[in-house]
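Data block below; observations after.
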Amino acid sequence: MTSRMTGRILAAALWLLSLTAGAEPPNSDSHQESQFRYSEATVAQLQAEMAAGRLTSERLTSEYIARIFKLDQYGPGVNAIIELNPDALAMARQADAWRRQGRVLGPLHGIPVLLKANIDTGDKLQTTAGSLALAGAPATRDSTVAAQLRAGGAVILGKTNLSEWANFRSNFSSSGWSAVGGQTHNPYGIDRNPCGSSSGSGAAASANFAAVSFGTETDGSIVCPANANGVVGIKPTVGLTSRAGVVPIAHTQDTVGPHGRTVADAALALGVIQSRTFDGRDAATGTVPLGWKGRARPTNIPTDYTQFLDPHGLQGARIGVTRQGVDSAPAAVVAAFEAAVTAIKAAGATVIELDGPSGVGFTFPAPDGEYLVLLYEFRDDVRSYFATRAGVPMAGKTLTDAIAFNNANADAEMPFFGQDVFEQADALAVGADAPQSDFSGMTYNQALEIDRLSGVNGIDKALHDFNLDAIVAPTDNPAWATDLLYGDHFVFGSSSLAAAEGYPIVQVPAGMVFEIPLGISFFGTAFSEPTLIRLASGFEAATQVRAKNLPTFAPTIPDDHITGTKLQRSHDHKQPSKHDYSDHPRNM
């Protein structure tokens, strides 16, 4: 059997497995939000309903499954879900049984959640990172994050689609596309891109396919989908959540975090998945210095982040604003960001313009070592992950083998873009002090030092010098129309300010441009999630952008002023018959 045929069979098997979750495809004639009784329901509201006996986890799970079939697989076709858990309803029934016994395991007890398909679950679900190279047998054990969700009584509803290999295969990739899952779309406009490698997670949360979802970020892959899909995204400090059992890019920057429709839901979910104690499978969760960053993990990390929610959280705060290229964007985008800054001031914060025409002249150093660090660590980290898998093509293999697999299955794996990033990583010289010719002789260790200083002289320095509580920036440009030929269309973005140093970000919806979401990001130093959650919740309470602008699942955005004129037919213009091909090129 050829490897191409094997890939197609595996893809078909994944599809068939997704249909075993116990729900029949409902009528897809309409997708109005009013027909879904739990639209925009928060975790707290759902828990209150279950506590009062008016709702069961089984019923809620069934409703989400029906909605997924209706809007994700049929209807407008968001295509955010790569697989449904065939045991989801059984998990929900167990959660209901425990609740009847007075046993509630945590704030997500009985709540359906979705995980990005690069997060291991030791069950019947696949962990493919979107690639056929990892399709076959499921992971042998839960990731630490999945284990914590199970221990907290959450219902693992399924896996979300993603940019294959977390968008680290080619510089010409389209966010949200994978060989296993195809192209994910944006619930605000199906022709718009969902952005970032955690695209399915962001789109699923936005579309109300689960209460919360979980993604991963190396540089932008949680906050960018949150921006594009109009939801909240929390990118935690590296080491706050464990990466054990997660398909990696690089151990100095990878982190796992939630998408939610409110800051409260995202904060609650973060408290469930954070590592409260050292995880022997992820050194960054220890009490020893955090690798090359040299930062010790605090001993007083909160277990409940909802305690920091504050509708007046911006009152008296000092916020530094960095524009990160937004001033060169179209006028409507600039106006939306300016309105967000005005809202921050109106909510009681003092704003210090760090850069731009009226800024104090602060310059954030570029993390020029980041790409080399990612390439270098990916080659080794992915080999270590492959060693944990069995029954998949890459079990016990290397990046070199993954490249060969893609070449052998090019029709399925590389119909739109190649694997230039893979090849560049595989070609690097071995040794942390080996000069890399593609980077003007820079070594891995030199790149690490550049990245360390980008935090010290960037976010940390700005916070210190101007006595700031946090820094705010536009997250990314509004979502572009998906382009499988040229790939992604990033105009500006701010995630790199915190990526190389592993610092946290809270992204929150901030405005709309032609009915497309625009978000802002709150940045802080390591383990400053409590402060960022307080500020973001204050902004959310003051603006209510998400609540006022729900997804419409429109086929295209914008959809006005584009139809053109209507031609009028005169009596002299013959009406051609459906068989009249006289003007066909073959007849000319």
Side-chain angles (χ1 to χ4, degrees), residues 186-189 191-196 202 206 220 223-233 263 314 317-362 364 470-481 488-497 505-523 535-552 554 556-562:
N186 192 314
Y188 281 87
D191 66 334
R192 293 281 155 174
N193 195 271
C195 194
S206 182
V223 298
C224 180
N227 171 78
N229 296 283
V231 295
V232 174
V263 177
L314 285 169
R318 287 179 59 84
I319 306 294
V321 171
T322 175
R323 295 177 175 272
Q324 296 298 306
V326 70
D327 290 336
S328 299
V333 177
V334 177
F337 180 68
E338 295 295 351
V341 174
T342 299
I344 291 173
K345 295 176 182 177
T350 299
V351 168
I352 293 87
E353 295 276 357
L354 297 176
D355 49 28
S358 59
V360 296
F362 186 85
F364 286 88
I471 295 163
V472 162
T475 305
D476 281 292
N477 48 285
W480 55 88
D488 291 335
H489 298 284
F490 289 104
V491 179
F492 60 85
S494 57
S495 61
S496 292
L497 293 177
I505 311 172
V506 177
Q507 199 285 157
V508 62
M512 304 292 289
V513 180
F514 298 137
E515 301 178 69
I516 305 166
L518 175 76
I520 58 172
S521 287
F522 289 84
F523 296 84
L535 299 171
S537 64
F539 179 84
E540 178 186 65
T543 59
Q544 292 293 304
V545 172
R546 166 75 189 191
K548 297 174 183 176
N549 300 279
L550 301 183
T552 63
T556 183
I557 291 182
D559 62 358
D560 57 350
H561 298 85
I562 60 174

How many angstroms lie between atom CD1 of Ile557 and atom OG1 of Thr552, to the nearest 0.5 angstrom? 5.0 Å
Check whether Asn227 reaches the backbone of Asn477 with its side chain - one donor and one acceptor, N or O, closer than 3.5 Å. yes
Hey, is the main chain of Phe490 close enough, under 3.5 Å, to the side chain of Asp488 for a donor-acceptor pair? no
What distance do Leu314 atom CG and Phe522 atom CZ have between them, rounded to the nearest 0.5 Å? 5.5 Å
So, for Asp559 and Thr556, which heavy atoms are closest and what is the spacing to 0.1 Å? CB-O, 3.7 Å
Within the side chain of Arg192, is there an N or O that forms a donor-acceptor pair under 3.5 Å with the backbone of Ala479? yes
Is the shortest side-chain heavy-atom distance between Phe539 and Leu535 below 4.5 Å? no
Do side-chain atoms of Asn229 reach the backbone of Pro194 as a donor and acceptor pair under 3.5 angstrom? yes
Rounding to 0.5 Å, atoms CD1 (Ile319) and NZ (Lys345) come to a distance of 12.5 Å
Quick one: do Phe362 and Thr322 satisfy side chain to side chain contact (heavy atoms under 4.5 Å, CB included)? Show the steps, please. CA-CA 9 Å; Phe362 186 85; Thr322 175; over 6 Å; no
Locate the shortest heavy-atom distance separating Arg546 from Ser206; write the atom from each residue and the value. NH2-O, 2.8 Å
Is there side-chain contact between Leu354 and Phe364, with heavy atoms separated by less than 4.5 Å? yes
Please set out all donor-acceptor pairs under 3.5 angstrom arising from side-chain atoms of residues 507-520, sequence neighbours excluded.
{"from": "Gln507", "atom 1": "OE1", "to": "Thr475", "atom 2": "OG1", "distance (Å)": "3.2"}
{"from": "Gln507", "atom 1": "NE2", "to": "Val231", "atom 2": "O", "distance (Å)": "2.8"}

Rounded at 0.5 Å granularity, tell me how far OG in Ser495 sits from CD in Gln324. 9.5 Å
Is the side chain of Ser494 donor-acceptor paired with the backbone N or O of Pro474 at a distance under 3.5 Å, no angle test? yes
Minimal non-hydrogen separation, Ala347 against Ala542, with atom names: CB-CB, 4.2 Å
Scanning both residues in full, the closest heavy-atom pair of Lys548 with Thr543 reads NZ-O, 3.3 Å
Is it the case that the side chain of Asp476 and the backbone of Ala228 share a donor-acceptor pair, with hydrogens and angles ignored and the cut-off at 3.5 Å? no
